[in-house]
Amino acid sequence: MIFFEVILPVFIIMSLGFVGQRAMKMDITSVSNIAMYILTPPLIFRVFYDTKINLDLAYVAVYSVLLSVSIVAIVYLLVKCRIIPLENQRAMMMSTAFMNAGNMGAPVMLFAFGEIGFNYAMIINVFHSLVMFTLGIYIAAADKSGVKTSLNVMLKMPFIHAIVLAFLWQSFNLPMPENVYNTIQLVGDASIPLIIIVLGMQLAECKITKISWPRLNGAMFIRLLISPLIAYGIVQLLPVSKLWQQVMIIEAAMPTAALIALYALQFNREPDFVTGVTFFSTVASIFTLMLIIPLVLNM
């Protein structure tokens with residue numbers, strides 16, 4: 001059963017982070033930095049080192065851009081039709097256009113498809129992160145400083161350096177001693193449970209006060225149900241394998257990225273609302289994924 005085989009393991013690990021943070025009040029920044037700056041770069045290096053440079057990577061980039069831009073366009077049209085107030089436009093875009101492809105999506109793909117599905121999910125996560133670090137920050141900043149901020153943030157991300165190093169290593173056919181590769185794999189694999197724990201810790205710190213429930217429900221509907229439908233349409237246009245299509249569609253059904261809540265706080269874009277969508281979409285995804293994953297597996 002999908003719930004017990006795929007979803008439950010992820011939420012058990014996530015609950016460890018949630019309960020641990022509630023009980024011990026750990027420094028989330030320190031734990032997150034260990035995952036992001038120490039453990040994840042070796043994981044990204046291994047994934048891209050093992051991935052042949054081909055058109056699939058270009059198709060993933062197209063998918064990542066089209067998915068986010070399509071959702072931003074939908075929210076823009078809803079604002080133009082006065083279904084969403086103009087003052088809520090940017091918070092709505094932020095909370096719907098960017099999914100949690102890494103902390104949530106990659107582990108789900110691991111349990112659903114094994115290591116190859118996990119590797120595909122991590123590649124999607126990298127390209128989707130680039131979209132978040134550019135379009136996401138631009139939407140949040142809402143002025144010319146957004147472009148400069150986006151570039152600064154992106155260049156500081158260690159996974160960018162890991163990708164470049166992996167491609168150079170592969171392109172020049174440099175030797176890779178087995179013990180070095182095994183060490184990289186060991187360190188990278190340690191990031192898998194930690195990134196789920198970090199998500200649980202972040203959710204434990206969510207401060208939700210006054211929220212417009214109709215708008216929150218609308219945001220979750222777009223994020224969890226409309227997004228995978230858009231992804232389904234996109235993958236029909238891309239000449240990728242069936243597994244790539246399945247991973248892309250399920251990834252699009254993931255809840256709102258926790259990083260977006262930090263953007264909302266930093267740029268004062270209705271942080272309570274965006275945090276609320278992040279929290280409740282993560283909880284609601286237990287049920288929506290149980291619906292979507294079987295449908296995608298039977299494609």
Side-chain angles (χ1 to χ4, degrees), residues 1-47 98-126 128-129 132 157-159 162 184-206 220 223-224 247 250-262 275 277-290 292-293:
M1 185 178 176
I2 295 297
F3 175 74
F4 291 104
E5 294 177 1
V6 178
I7 300 171
L8 184 60
V10 175
F11 275 85
I12 288 175
I13 300 173
M14 189 189 306
S15 67
L16 295 177
F18 187 94
V19 173
Q21 182 61 22
R22 287 287 190 179
M24 294 181 279
K25 294 295 181 183
M26 294 173 281
D27 183 4
I28 298 179
T29 301
S30 298
V31 180
S32 179
N33 284 344
I34 291 174
M36 180 178 292
Y37 292 99
I38 297 177
L39 301 182
T40 301
L43 175 65
I44 297 296
F45 175 87
R46 180 186 63 78
V47 168
F98 307 104
M99 72 266 193
N100 196 334
N103 299 59
M104 182 81 175
V108 168
M109 296 305 105
L110 177 64
F111 287 108
F113 299 108
E115 185 176 353
I116 186 170
F118 177 82
N119 288 348
Y120 283 5
M122 289 306 299
I123 293 171
I124 290 174
N125 180 48
V126 166
H128 189 66
S129 295
M132 278 200 294
M157 288 296 104
F159 73 79
I184 292 171
Q185 185 174 29
L186 179 65
V187 175
D189 287 350
S191 70
I192 299 172
L194 188 57
I195 59 178
I196 311 175
I197 289 173
V198 167
L199 176 58
M201 295 172 66
Q202 290 173 327
L203 294 177
E205 291 297 315
C206 284
M220 289 198 296
R223 174 68 262 135
L224 300 177
V247 172
I250 298 175
E251 279 278 28
M254 293 300 146
T256 303
L259 182 62
I260 289 299
L262 298 181
T275 299
V277 177
T278 302
F279 181 87
F280 288 107
S281 65
T282 303
V283 175
S285 67
I286 298 175
F287 307 99
T288 54
L289 288 173
M290 282 195 292
I292 291 169
I293 292 177

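Every heavy atom of this structure was used, including side-chain atoms; hydrogens, water molecules and symmetry mates were not.
Between the CD1 atom of Ile250 and the CE atom of Met99 there is a distance of 12.0 Å, given to the nearest 0.5 Å. To the nearest 0.5 angstrom, Ile260 atom CD1 is 10.0 Å from Arg223 atom CZ. Within the model, atoms CG of Leu199 and CG of Asn103 stand 5.0 Å from one another, a figure rounded to the nearest 0.5 Å. Distance check: Arg46 CZ to Asn119 CG gives 5.0 Å after rounding to the nearest 0.5 Å. Once rounded to the nearest 0.5 Å, the distance linking CG of Leu16 with CZ of Phe11 reads 13.0 Å. To the nearest 0.5 angstrom, Ser15 atom OG is 11.0 Å from Leu203 atom CG.
With contacts defined as side-chain heavy-atom distances shorter than 4.5 Å, the pair Ile44/Pro41 does not qualify. Contact check for Gln202 versus Phe279: no side-chain heavy atoms found under the 4.5 Å cut-off. Side-chain contact check for Leu39 versus Val187: some heavy-atom pair is nearer than 4.5 Å.
In this structure a side-chain-to-backbone donor-acceptor pair under 3.5 Å is missing from Glu5 to Phe111. Without hydrogens or angle criteria, Arg22 side chain to Met201 main chain gives no donor-acceptor distance under 3.5 Å. The main-chain N or O of Ala35 is never found under 3.5 Å from a side-chain atom of Ser191 such that the two would form a donor-acceptor pair. Between the side chain of Asn125 and the backbone N or O of Ala121 there is no donor-acceptor pair closer than 3.5 Å. Side-chain atoms of Ser32 never come within 3.5 Å of backbone atoms of Thr29 as a donor-acceptor pair (strictly under, hydrogens ignored).
Minimum heavy-atom separation, Phe159 to Ser129: CZ-CB, 3.9 Å. Phe98 and Met132 make their closest contact through CD2-CG, 3.4 Å (heavy atoms, listed as atom of the first residue, atom of the second, distance). Shown here for Pro255 and Ser281, the closest heavy-atom pair between the two residues is CB-OG, 3.3 Å. Minimum interatomic distance between Ala112 and Val6 (heavy atoms only, all atoms of both residues): CA-CG2, 3.9 Å. The shortest non-hydrogen separation linking Ile13 to Pro193 is CG2-O, 3.7 Å. Heavy-atom minimum distance, Thr275 versus Ala261: OG1-CB, 3.9 Å.
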I'd like to know whether Met14 forms a side-chain contact (heavy atoms from CB on, under 4.5 Å) with Thr282, so could you lay out the CA-CA distance, the side-chain angles of the two residues, the decisive distance to 0.1 Å, and finally the verdict.
CA-CA 10 Å; Met14 189 189 306; Thr282 303; 3.9 Å; yes
Quick one: do Phe118 and Leu43 satisfy side-chain contact (heavy atoms from CB on, under 4.5 Å)? Show the steps, please.
CA-CA 11 Å; Phe118 177 82; Leu43 175 65; 3.8 Å; yes
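Just one of Glu115, Met104, Met254, Met122 meets the side chain to side chain contact (heavy atoms under 4.5 Å, CB included) condition when paired with Met109; it is Met254.
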